[in-house]
Amino acid sequence: MRPNATLVALLAAACLLGTCALSRVEDMRAQERLFLGSMGLSERPRPAGNRLPRRNVPSEIWRMFQRSENSHARESDPCTVSEYGVRGNIIRYVQDQGALPSGWSGGCLEKPLYFNVSVLQPVELLSLAQLEIKFHWKLLQGPRALSMTLYKVIRATLRGADPKAGRRPVLSQSVPAHPEPTSVTLDLTPLAESWRRPGRNYGLLLELLPLGGEPGEEQLLPFRPGNALPLEPAFALPLVRASLVAVSLNPHQCRSRRRRSAVHLPVTPSNVCRARRLYIDFKDVGWQDWIIAPQGYLANYCHGECPFPLSESLNGTNHAILQTLVHSLDPHVTPQPCCVPIRLSPISMLYYDNNDNVVLRHYQDMVVDECGCR
C-alpha cells in the first residue's frame, strides 16, 4: 500500500525542522564555548550549592568592581589594579582547598593550605599573589595570643618519616586575640609563580601554638581535651580562613583604550548606519547562576545602510567611499559597504570560575560606542 503523500511530506518537513533545530543548538553551544574560552573557562561554571550569587563574595572585590563601574573608572587604565599597585586585568580570590584541621594535638594545631594556581592560563603574567589568613575568635578569657608559623611544603613525606624534613619556614609571628577578627597578609608571588610548574605545588602548612601570660610573654598552655571549660582561664580556638588573591595580566586582552558611555544613543527612524540600543540580560542565555555582576549590560549593535554619497558622519574609509560609488553604478555586481563597529569599550565582570573561585576581570570590546561604513 502506497503511503499517503501528505503524511510523507509532513514527516520530511518535521525531520528537516528537527535537523535545523539540532544544528542551531550546536551552533549556540559552539558560540558559548568560544566566549567561555576567551574568559579562560573550560566549560560553563556550576557554582556549588544553591547559594545566592552575592553570597561569599569578598567585600574587597565588590568595592573593586563598583569602582570599575563608576564614571571615574571609565577614564582610568583598565590594565592596572590600583588597590594593589600592580599591572593586571584579572583578579582571582583563590579558595583554600587544604584539609580541615583535625584538632589540637599535643598543644599544637596544624592546618594544611592548598591553592590551585593552575587556573591561571599560560599566557597570563602573575603580578601579585597575596595570602590572607583571617582568625575569627569565639571566646576570650584574659590576654591570649597565638604563635603562628607558616611553612612551605617542598615535598611529600612518607608515612612514618619526619614531616618537618619536607617543609621550610616562611613566616613566624604571634597573633594577638581580639574580639574583632584578626588577619595576617603575606606576599607569596615568587612561591605562587613556582607553583605554576607541574609537580611543584605541595601547598603550605599553618602551625598554631597557644600562648599565655601577659603580652610579650610566651608561655605554652597545656592542651585540655573535651568541651567543658577548665577552672582557670582557657585558650579560645579561633576559626581560621585563608585565601589567595592572585592578580594577573593577560597582555592580549589589555589595551589602553578609554572607556566611554554608550547609554544615551540617539533615537532616530533613519535607516542610515548607526549604533542601535541592545541590552543583554544574562538570564536570557542562562548564565545568571555563575555571573555575579552585572546582571546584564548595554552592548548595542550596528545596523543601517551605507548609501551614496557617503557622508562624513558615517565614518567611511576611502575604500568604502569608492565602493559606494561603484555600487551606485552597478548595484547587482558590487554590494554596499557594511555597517560595523569602529569604536568599542570594555566592561568589568564578576563571576565564579570552574573551581568556584571569585574572579573579577576586565573585558575589551564588549560595548559598541560608534559605527561606521567599511
Side-chain angles (χ1 to χ4, degrees), residues 39-42 45 56-65 67-68 77-99 111-135 148-156 166-173 175 181-207 240-254 348-362:
M39 301 176 74
L41 302 173
S42 58
N56 296 333
V57 177
S59 58
E60 298 87 350
I61 205 167
W62 266 117
R63 287 195 294 268
M64 283 186 277
F65 172 77
R67 182 191 63 80
S68 68
D77 183 0
C79 306
T80 298
V81 182
S82 59
E83 286 81 359
Y84 297 105
V86 296
R87 296 281 291 168
N89 57 350
I90 308 169
I91 306 167
R92 293 181 176 89
Y93 273 69
V94 185
Q95 291 191 115
D96 170 30
Q97 299 179 10
K111 168 69 174 78
L113 304 178
Y114 183 83
F115 302 98
N116 182 10
V117 295
S118 67
V119 295
L120 277 73
Q121 296 174 286
V123 71
E124 294 179 38
L125 307 175
L126 183 63
S127 303
L128 175 70
Q130 179 174 284
L131 173 68
E132 182 177 28
I133 304 173
K134 291 185 178 181
F135 301 90
M148 183 194 79
T149 304
L150 185 67
Y151 295 94
K152 172 182 68 174
V153 181
I154 58 176
R155 62 176 179 271
R167 64 181 75 162
R168 296 290 183 271
V170 177
L171 175 70
S172 182
Q173 70 176 66
V175 180
T182 307
S183 63
V184 175
T185 58
L186 180 64
D187 188 346
L188 294 181
T189 307
L191 180 57
E193 183 63 46
S194 70
W195 286 345
R196 300 180 68 178
R197 296 194 290 272
R200 296 295 299 273
N201 188 0
Y202 291 100
L204 303 164
L205 184 70
L206 181 66
E207 182 184 77
V240 181
R241 298 184 185 276
S243 63
L244 186 74
V245 180
V247 181
S248 60
L249 176 70
N250 186 332
H252 301 312
Q253 297 179 344
C254 194
S348 298
M349 292 179 63
L350 190 61
Y351 61 91
Y352 296 107
D353 68 6
N354 298 125
N355 290 277
D356 216 22
N357 300 314
V358 177
V359 183
L360 174 60
R361 192 164 182 169
H362 308 297

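A distance of 13.5 Å separates OH in Tyr202 from CH2 in Trp195, rounded to the nearest 0.5 Å. Taking CD1 of Ile91 as the start and CG of Leu360 as the end, the distance is 4.5 Å to the nearest 0.5 Å. Rounding to the nearest 0.5 Å places CZ of Phe65 at 10.0 Å from NE2 of His362. Within the model, atoms CD of Gln130 and OG of Ser243 stand 9.0 Å from one another, a figure rounded to the nearest 0.5 Å. Note that the CG atom of Leu350 and the OG atom of Ser68 stand 9.0 Å from one another [nearest 0.5 Å]. We find the CG-CG distance between Leu244 and Leu128 to be 8.5 Å, quoted to the nearest 0.5 Å.
When every heavy atom of Arg200 is checked against every heavy atom of Ser194, the shortest pair comes out as CB-O, 3.3 Å. Closest heavy-atom contact between Ile61 and Val57: CG2-CG1, 3.4 Å. Nearest heavy atoms, Ser127 versus Thr189: O-CG2, 4.0 Å. Taking every heavy atom of both residues into account, Lys111 and Gly98 meet most closely at NZ-O, 3.7 Å. Considering every non-hydrogen atom in both Val240 and Leu206, the closest pair reads CG1-CD2, 3.7 Å. The two residues Gly88 and Val81 make their nearest non-hydrogen contact at O-CG2, 3.6 Å.
Looking at Tyr84 and Met64, their side chains come closer than 4.5 Å, going by heavy atoms from C-beta outward. Looking at Glu132 and Ser183, their side chains come closer than 4.5 Å, going by heavy atoms from C-beta outward. Contact of the Met148 side chain with the Gln173 side chain is registered, since non-hydrogen atoms from C-beta on lie closer than 4.5 Å. Using a 4.5 Å cut-off on side-chain heavy atoms (C-beta onward), Val184 and Leu171 make contact. With contacts defined as side-chain heavy-atom distances shorter than 4.5 Å, the pair Val117/Leu126 does not qualify. Side-chain atoms of Val119 and Val359, non-hydrogen and from C-beta on, never get closer than 4.5 Å to each other. The closest side-chain heavy-atom distance from Arg87 to Leu125 is not below 4.5 Å. Using a 4.5 Å heavy-atom threshold, the side chains of Tyr93 and Val245 count as touching.
A donor-acceptor pair is defined here as one N or O able to donate and one able to accept, closer than 3.5 Å; such a pair exists between the side chain of Asn357 and the backbone of Gln95. Side-chain atoms of Lys152 do not come within 3.5 Å of backbone N or O of Leu205 as any donor-acceptor pair. Side-chain atoms of Asn201 come within 3.5 Å of backbone N or O of Phe115 as a donor-acceptor pair.
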Step by step, work out the side chain to side chain contact (heavy atoms under 4.5 Å, CB included) result for Ile133 and Val175. CA-CA 11 Å; Ile133 304 173; Val175 180; over 6 Å; no

Mind running side chain to side chain contact (heavy atoms under 4.5 Å, CB included) on Arg241 and Asp96 for me, showing each step along the way? CA-CA 8 Å; Arg241 298 184 185 276; Asp96 170 30; over 6 Å; no

Apply side chain to side chain contact (heavy atoms under 4.5 Å, CB included) to the pair Val170 and Tyr151, showing each step before the final yes or no. CA-CA 5 Å; Val170 177; Tyr151 295 94; 5.9 Å; no

From CA spacing to verdict: side chain to side chain contact (heavy atoms under 4.5 Å, CB included), Gln253, Val123: CA-CA 10 Å; Gln253 297 179 344; Val123 71; over 6 Å; no

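Glu83 has no carboxylate O lying under 4.0 Å from a charged side-chain N of Arg63, or vice versa, which leaves the two without a salt bridge. A salt bridge between Arg196 and Glu124 is absent, with no side-chain N of the basic residue lying under 4.0 Å from a carboxylate O of the acidic one.
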